[in-house]
Amino acid sequence: MELVSGLLLATWMTKPVWMWLAFLAIVIVLLVLDLGVLHKENREIGVRESLLLSAFYIALGLAFGGWVWFQLGAGAGIEYLTGFAVEKALAMDNVFVIAMIFSFFAVPRKYQHRVLFWGILGVILLRAIMIGLGAAIVSEFSWVLYIFALFLIATGIKMIVFADKDYDVANNPVLRFVRRHFNVTDEHHAERFFVKKPDPKSGKLVWFMTPLFLALVLIEVADVIFAVDSVPAIFAITTDPFLVYTSNIFAILGLRALYFALAAMVHRFHYLKLALAIVLIFIGSKIFAADLLGIDKIPPALSLAITFGILASGVLYSLWKTRSAETAVR
């Protein structure tokens with residue numbers, strides 16, 4: 001008993017093991033509940049159900065932030081909430097890309113949840129690796145944060161300059177590589193990722209990738225691209241691995257529900273990308289601003305307020321500017 005207690009109280013990546021296990025238990029329960037209970041059968045998810053699930057995941061992420069606040073103090077709580085808000089906004093940007101991928105492969109709505117579920121599992125593992133590497137690098141070389149900051153500023157400027165450029169699915173180099181080197185079928189086979197078909201050359205039965213699997217591959221590739229932005233962004237907010245990873249994962253866990261809620265009205269959030277660009281520039285700039293002001297860092301509460309204000313303005317301005325389009329649809 002003492003051995004177990006000692007292991008639970010042992011520190012791993014700056015936090016007690018029991019805190020990591022508690023977080024992991026929550027994630028596992030949510031994934032089992034999602035796939036094993038709520039979505040055992042392939043079916044189309046309606047907007048109402050999506051909104052309710054999205055509200056649940058957001059509430060859960062905020063509640064976890066409250067627990068972090070209680071356990072680790074106000075500073076850690078605010079840093080978690082800032083990271084959660086930024087990662088949630090970046091996840092919304094990811095929704096637009098996912099919508100284009102599903103549209104390109106004509107994935108039926110009742111099978112889209114299956115793709116997103118396995119995509120989320122890949123994201124959880126990928127982010128763990130990237131954040132672990134990032135934490136190790138930052139702990140050894142603190143000056144890397146300045147490189148992250150410059151990268152965020154450059155990324156934000158690039159997003160503003162190319163704000164109207166859509167994600168080009170057809171010319172994705174990964175998709176071209178897969179089509180050239182593997183057997184691929186353009187026909188859907190229900191929820192299957194792979195199917196056996198006769199080889200056009202030999203006539204033998206061989207495995208073919210279905211459009212559903214190709215959509216999954218491109219969604220994972222898209223997340224790698226988004227992670228290149230989001231991981232430096234969260235490290236510019238906090239270097240605590242626990243806060244970085246938990247805020248990332250709680251923001252991503254609700255991505256499936258968020259997708260089905262927003263996919264039908266992505267046109268209503270036209271200016272969100274601009275707001276995200278400004279947030280990235282702000283997050284990158286505040287590291288240099290703190291040095292110029294001779295302080296350790298910009299107060300977390302101020303950073304949270306500014307970040308939330310920018311994102312909220314982007315959403316509200318988008319809804320206001322596109323109100324005529326919504327009226328026309330009705």
Cluster overlap Met130 with Leu133, hydrophobic side-chain contacts below 4.5 Å
no
Geometric class of the Trp207/Phe194 ring pair [parallel <30°, tilted 30-60°, perpendicular >60°]:
perpendicular
Single-linkage hydrophobic cluster Phe308~Ile310, side-chain heavy atoms < 4.5 angstrom
no
Between Lys196 and Val206, does a side chain to side chain contact (heavy atoms under 4.5 Å, CB included) hold up when you go through it step by step?
CA-CA 5 Å; Lys196 271 194 171 183; Val206 295; over 6 Å; no
Closest heavy-atom pair and its distance - Pro241, Ile131:
O-CG2, 4.4 Å
What I'd like to find out is whether the side chain of Ile124 reaches to under 4.5 Å of the side chain of Leu31, using heavy atoms alone.
yes
Any Val178 side-chain heavy atom under 4.5 Å of Met209 side chain:
yes
Just verifying a value: how many Å separate Leu21 CG and Ile26 CD1, rounded to the nearest 0.5 Å?
11.5 Å
Would Ile58 and Lys88 count as a side chain to side chain contact (heavy atoms under 4.5 Å, CB included) here? Give the steps.
CA-CA 9 Å; Ile58 291 172; Lys88 199 69 178 177; 3.8 Å; yes
Hphob cluster co-occupancy, Val138 + Ile129, side-chain heavy atoms under 4.5 angstrom
no
Lys110 and Glu191: CA distance, side-chain angles, deciding distance, side chain to side chain contact (heavy atoms under 4.5 Å, CB included) verdict:
CA-CA 9 Å; Lys110 68 177 182 177; Glu191 77 280 3; over 6 Å; no
Side-chain donor/acceptor of Arg127 to backbone N/O of Asn248, under 3.5 Å:
no
Can you list every pair that meets ring pair (Phe, Tyr, Trp, His ring centres under 6.0 Å) and has a residue in residues 127-160, with sequence neighbours left out?
Phe141-Trp143, Tyr146-Phe288
Can you check whether Met159 reaches Leu276 side chain to side chain, under 4.5 Å on heavy atoms?
yes
Listed pairs under 3.5 Å, donor-acceptor, residues 64-77 side chains, sequence neighbours left out:
none

Please tell me if the side chains of Val107 and His188 come closer than 4.5 Å, counting only heavy atoms from C-beta onward.
yes
Non-hydrogen side-chain atoms of Lys286 and Ser303 separated by less than 4.5 Å:
yes
Any side-chain heavy-atom pair of Leu216 and Phe193 under 4.5 Å:
yes
Roughly how far apart are Ile281 CD1 and Ile160 CD1, rounded to 0.5 Å?
4.0 Å
What one should report as the nearest heavy-atom pair of Ser285 and Ile153 is OG-CD1, 3.7 Å
Starting from Ile120, can I reach Phe117 by hopping between I/L/V/M/F/W/Y residues whose side chains sit under 4.5 Å apart?
yes
Please report the closest heavy-atom contact between Phe105 and Leu175, naming both atoms and the distance.
CZ-CD1, 3.9 Å
Could you tell me whether the side chain of Arg179 and the main chain of Val184 form a donor-acceptor pair under 3.5 Å?
no
Got a second to check how far Asn183's CG is from Phe208's CZ, nearest 0.5 Å?
4.5 Å
If we only count heavy atoms from C-beta on, is the Thr210 to Asp186 side-chain gap below 4.5 Å?
no
To the nearest 0.5 Å, tell me how far Leu145 CG sits from Leu152 CG.
10.0 Å
Within this structure, what is the CG-OG1 distance for the pair Leu214 and Thr185, rounded to the nearest 0.5 Å?
9.5 Å
Looking only at heavy atoms, which two atoms of Ser247 and Gly83 are closest? And how far apart?
CB-C, 4.0 Å
Should Tyr57 and Leu30 count as side-chain neighbours, where that means a heavy-atom distance under 4.5 Å?
yes
Among the clusters formed by ILVMFWY side chains lying less than 4.5 Å apart, do Leu150 and Val161 turn up in the same one?
yes
Hey, what do you get for CD1 (Ile237) to CD (Glu87), rounding to the nearest 0.5 Å?
7.0 Å
Contact summary for Thr238 and Val244, nearest pair of heavy atoms:
O-CG2, 3.3 Å
Aromatic plane relationship, Trp20 with Tyr245 - under 30° parallel, 30 to 60° tilted, over 60° perpendicular:
tilted
Check Ser139 against Ala136 and note the closest heavy-atom contact, atom names and distance.
OG-O, 2.8 Å
Do the two ring centres, one from Phe242 and one from Tyr80, sit under 6.0 Å apart?
no
Steps toward side chain to side chain contact (heavy atoms under 4.5 Å, CB included) verdict (Arg114, Trp118):
CA-CA 7 Å; Arg114 173 176 168 81; Trp118 291 108; 3.9 Å; yes
